[in-house]
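Within every chain, numbering begins at 1; the chains are lettered A, B, ... in the order of the sequence lines, protein sequences first and strands thereafter. Please read all numbers here as calculations on a predicted model, not as lab measurements.
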2 protein chains.
Amino acid sequence: MKSIPENQIIRADSIEFMRSMPEESVDMVFADPPYNLQLAGELYRPNNSRVAGVDDAWDQFDDFDAYDRLTRDWLAAARRVLKPNGTLWVIGSYHNIFRVGTALQNIGFWILNDVVWVKSNPMPNFKGRRFTNAHETLIWCAKSQKSKYTFNYEAMKALNDDLQMRSDWTLPLCTGEERIKGADGKKAHPTQKPESLLYRTIVAATDPGDLILDPFSGSGTTSAVAKKLGRRYIGIDQDAGYVKLARKRLAEIPEASDAEAIQHTRPKRKEPRVPFGTLVENGLLAPGTMLTSPCRRHTAKVRADGTIISADHKGSIHQVGAAVQGAPSCNGWTYWQVASDARKAVPLDVLRQKFRTEAAL
Amino acid sequence: MKSIPENQIIRADSIEFMRSMPEESVDMVFADPPYNLQLAGELYRPNNSRVAGVDDAWDQFDDFDAYDRLTRDWLAAARRVLKPNGTLWVIGSYHNIFRVGTALQNIGFWILNDVVWVKSNPMPNFKGRRFTNAHETLIWCAKSQKSKYTFNYEAMKALNDDLQMRSDWTLPLCTGEERIKGADGKKAHPTQKPESLLYRTIVAATDPGDLILDPFSGSGTTSAVAKKLGRRYIGIDQDAGYVKLARKRLAEIPEASDAEAIQHTRPKRKEPRVPFGTLVENGLLAPGTMLTSPCRRHTAKVRADGTIISADHKGSIHQVGAAVQGAPSCNGWTYWQVASDARKAVPLDVLRQKFRTEAAL
DNA sequence: AGGACTATTGAATCCTCCA
DNA sequence: GTGGAGGATTCAATAGTCC
C-alpha cells in the first residue's frame, strides 16, 4: 500500500489512481465531473458573436449508459477512499445532475443537502426559448446514513449575517482577474469555478488539516482554496495541460496563515426587487383588476402576465403610466392606485410593501 | 375510446386512469408525486412542539426500486396522453428528484430547464446539522427533443420587470388564508403548493383553453389556478378525502370570464408575416427609395420586386444587410432605416407595424 | 482624474416555416 | 427529411478607450 501523495496535483486517470490509494484516507471529496452537455450546433448572440461552447473531447459521451458507467465507477472509487465520516460534494447541471444523484444514492451515499448555486450574472438565453439557465446544483452527501459528518454550523451562520445558511447560495461566476487566461488571453479552462463556491463548501464541511480530494481537478480551484484555508489537498486530472496550469497556480499561493483565512466573499443583503407580476402571481391582485390614476382620469386593466392595458396603450405599469400622461417616464408603483374597498384607493406600492412583509415571515 | 372528462377532479388510480384516456390529448402535465421522504422517527422543534412530517401511508416505499417502478409507470402513462408538443412539469426535493429526473430522461422526455423554487420563508433546520432546506426543484421537459413546445417568453419577461425570467423563482410558501384547513383547523393537505408557483408554470407553458392534467391532484392547486387562468383541467387523486376537498375548492372559483385579462402578451413570432415586397406594393415605400444602415455606413436602393441593391450586393433586406456587415445573418427589418423626413430615419419595422395596424382595421 | 461609451464574455442541450 | 430563407433574440460585469 502506497502512502498518499499530499498537496500535489497528479496527472492520472482518476478512477485508477483512487483505486491505488489506501481506503478511508480522505475527509472530503469535491467533484466537478463532465456535464455531458450534448450541444448540437453553434450558438450566436443577437450581436452575431459566437458563444464559446464546451465542445471538449472529455465532455463527449455516446449515450446515457456510457455516462452512467463513468459516474458509477468514479463514485465507487471515491467512496472507497473516503473516511467513514467523510462527505462528498458534486456539482452539475440538469444535463447530468439527476444521473449523478441517482447513482450516488444507489451506491449508499446519504444525501445531506442539495444546494443551488444561484448565479448573479449568468449567461442569458439568447434565443428566448427557455428560462435563463441561472443556476447549477451541488449535492452534499455523507459516506453512509450513519456517518458522523462535519458541519460547521456556526461558521456558516456567521458567514450569513447570523442567519442559518440556506441551501441557495447566490454567488457570481468566475470572471475578470480571477479567471485564469492562457498565452492567447483566452480562458485557460472552459469551466473554472469561482473560489467563493469552494470556500463555502470547504469551510462548511472540513476542519483545518483535513484532506480534500478532487478527482476532476481542472484549473485546480479546489486545491487552491484548500491550500488558502490550511487544508491538505490532492488534485487529479487526466490532462497534462491542466495539471501544469494548476501546479503553477498552487505554487503561487503562500502557505495558509491566519490572516488569509478570513478574507473572501460575504453575502450582501439588499431589499429584494419585486416585479409587478409577482403581485399578480401571488394573488394580491387578480387579472382583470382595474387600476386608476390619482385623479381618476385614466384607468387600466391588469392582465395575467403582469402587463396592463388602458384605452390606448399596453405594457408595464411604468410604460402605460407614462403613455397616458404623455410623460417621458413614470413610477407606476406610486402612480397607479387600486380600490381596496368602495371608498378609498391605495397606490400599488402599498401592496408591494405588504407582499415584502408577508414573504419575509 | 372514452371522451375526456374535462374540468373535473377524478378519484382514481392515476396510472390506470391515464391509460384509459385517449393518447395525445393533453397540453401540459403538472405532477407533484410522493417524495419518498425517509424520516427516521419524529422531528421536534427546539420548543418541543412536534413538526408535522410527511408520514402518510402513501409516502412509504420499501426501497428505491419500488419508488423507481412507480415513477417509471406514471411518467410513461403521462407521456402517452401528452400531445407531441406538450410539456411536463415535476416538482420534488433531493429525496426523489434525482430519481425522477433520471427516469424521465430514460423514457425520452427532453429536459428544457430545471427550475428552483427558492422559498422566501422556509422552515428552519432545527437541529443545526445541515443547511436550511430552502428550495425545491422543478423539472420542465418536452415530450421529445423535437417537440415544438409552448414557451411564453414575452409574458415571462413582462412578469419579471422586462428582464428574462430566470431558472430561480423566489416565492413564499403556501400559508395563511391560502392554506386550506380541515374541520380541526389543521392543514388539510401536508404538501399544498402555493398558487403563485402554479401560476407561473401555467402562464409560461400554456395558452388559454389548453388542457392541463395533474395526476397527483391533492388539494387541487393545479386545477384551481388553471380554472382561474381560463385553461381546461383534469385532476386525479387516489384519496377520496382529497378529491372531495379539491372539488369544493374548485366549485368556489368562478369561471374565468375576462378574456382580455387572462390573455398574455402576444409573441412577435406569432404576428402575421408581412413580406417586405408587400410594403412596396402597397405604396408605403416607393421603388427607388434609399435605405441606410444605422451609422449611415451603408446604403441600398429599393427595387420594384421587393429586393434591394447596395454597391456590391443585391437580394432581400436580410441578405443584403448580412452581406454589407459581413455577418452570418441579419434582421433587415430592424437594420435598415428609411428617412421619413429630412431629419430623422426610422427602421423598416415601423413601416411594417403601421401596415399591420392598418390591415387589421 | 473621472465619466461616458464600447467591446467582450460566461458549462447553452437556444427558431421556424415552407417547398 | 432536408435545405433555404425569413427574421427573432441578451444580462451583468469587467476591461479598455475616448474625451
Novice: Using OP1 and OP2 only, check whether a side-chain N or O of A:Asn121 sits under 4.0 Å from C:dG10.
Specialist: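 Answer no for this pair, as no side-chain N or O of A:Asn121 is under 4.0 Å from OP1 or OP2.
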
Novice: Answer yes or no on whether B:Arg79 is positioned over the face of B:Phe109, meaning its NZ or CZ is under 6.0 Å from the six-membered ring centre and within 45° of the axis.
Specialist: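 The answer is yes; both the distance and angle limits are met.
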
Novice: Looking at A:Lys186, does any N or O in its side chain come under 4.0 Å of the phosphate oxygens OP1/OP2 on C:dT9?
Specialist: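 Yes, such a contact exists.
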
Novice: Could you tell me whether A:Arg69 sits above the aromatic face of A:Phe64, with NZ or CZ closer than 6.0 angstrom to the six-membered ring centre and within 45 degrees of the axis?
Specialist: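 That pair does not qualify as a cation-pi contact.
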
Novice: Does A:Cys174 reach a base, just sugar-phosphate, or nothing at all? Heavy atoms under 4.0 Å.
Specialist: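 Counting heavy atoms under 4.0 Å across all strands, no contact is made by A:Cys174.
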
Novice: For C:dT13, does OP1 or OP2 lie under 4.0 Å from any side-chain N or O of B:Gln145?
Specialist: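 No, no such contact exists.
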
Novice: For the P atoms, the ones on D:dA8 and on C:dA12, what distance do you get once it is rounded to whole angstrom?
Specialist: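 Roughly 26 Å separates the two P atoms.
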
Novice: Would you indicate what A:Trp117 reaches in the nucleic acid, counting non-hydrogen atoms under 4.0 angstrom: base, sugar-phosphate, or nothing?
Specialist: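 No contact.
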
Novice: For A:Asp32, answer base if it contacts any base atom (sugar-phosphate contacts may also be present), sugar-phosphate if it contacts only those atoms, and nothing otherwise; contact means non-hydrogen atoms under 4.0 Å.
Specialist: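 If one applies the 4.0 Å heavy-atom cut-off, A:Asp32 turns out to touch a base.
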
Novice: Listed by chain and number, what are the side chain to side chain donor-acceptor pair (under 3.5 Å) partners of A:Tyr67, not counting sequence neighbours?
Specialist: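 If we apply the side chain to side chain donor-acceptor pair (under 3.5 Å) test to A:Tyr67, skipping adjacent residues, the hits are A:Asn96.
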
Novice: Indicate whether OP1 or OP2 belonging to C:dT13 is found under 4.0 Å from a side-chain N or O atom of A:Tyr94.
Specialist: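 For A:Tyr94, the contact criterion (side-chain N or O under 4.0 Å from OP1 or OP2 of C:dT13) is met.
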
Novice: Step through the shown structure and confirm whether more than 12 heavy atoms of other residues, nucleotides or ligands are within 6.0 Å of NZ on B:Lys146.
Specialist: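 No, because the 6.0 Å sphere around NZ of B:Lys146 holds 12 heavy atoms or fewer from other groups.
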
Novice: Using a distance-only criterion (donor-acceptor N/O pair, under 3.5 Å, no hydrogens), is the base of D:dG7 paired with the side chain of B:Arg352?
Specialist: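 Answer no: no donor N or O sits under 3.5 Å from an acceptor.
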
Novice: If only side-chain N and O atoms of B:Arg273 are considered, is one of them under 4.0 Å from the OP1 or OP2 phosphate oxygen of D:dA8?
Specialist: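 B:Arg273 to D:dA8 OP1/OP2: no side-chain N or O under 4.0 Å.
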
Novice: Return the 5'-most residue of the pair B:Lys148, A:Asn133 with respect to DNA chain C, ranking by each residue's nearest nucleotide.
Specialist: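 Upstream on the strand: A:Asn133.
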
Novice: When you look at NZ of A:Lys314, are more than 12 heavy atoms from neighbouring residues, nucleotides or ligands closer to it than 6.0 Å?
Specialist: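 Counting neighbours around NZ of A:Lys314, 12 or fewer heavy atoms of other residues, nucleotides or ligands fall under 6.0 Å, so no.
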
Novice: Run the ring-centre check on B:Trp169 versus B:Trp117 and record whether the distance is less than 6.0 Å.
Specialist: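 No, they do not, as the ring centres are separated by 6.0 Å or more.
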
Novice: For C:dG10 and D:dT10, measure between their C1' atoms and round to the nearest Å.
Specialist: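 One C1' to the other, the span is 12 Å.
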
Novice: Judged by each residue's nearest nucleotide on DNA chain D, which is more toward the 5′ side, A:Gly176 or B:Cys330?
Specialist: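 Checking each residue's closest nucleotide, the 5'-ward one belongs to B:Cys330.
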
Novice: If I compare all heavy atoms of A:Ala188 with all of A:Tyr242, which pair ends up nearest, and what's the gap?
Specialist: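 In this case the closest contact between A:Ala188 and A:Tyr242 is O-CE2, 3.6 Å.
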
Novice: Name the stems with DNA chain D in them: runs of three or more consecutive Watson-Crick or G-U pairs, distances under 3.5 Å?
Specialist: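 Only these stems qualify: C:2-10 with D:11-19, C:15-19 with D:2-6.
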
Novice: Base, sugar-phosphate, or nothing for A:Gly41, non-hydrogen atoms under 4.0 angstrom?
Specialist: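 Result for A:Gly41 = base.
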
Novice: Do A:Arg45 side-chain and D:dT9 base share a donor-acceptor contact under 3.5 Å?
Specialist: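 Side chain to base: no pair present.
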
Novice: Measuring to OP1 and OP2 of C:dT16, would you say a side-chain N or O of A:Arg129 lies under 4.0 angstrom away?
Specialist: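 Yes.
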
Novice: Is the phosphate of D:dT10, meaning OP1 or OP2, less than 4.0 Å from a side-chain N or O of A:Lys127?
Specialist: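 False: A:Lys127 side-chain N/O out of range (4.0 Å or more) of D:dT10 OP1/OP2.
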
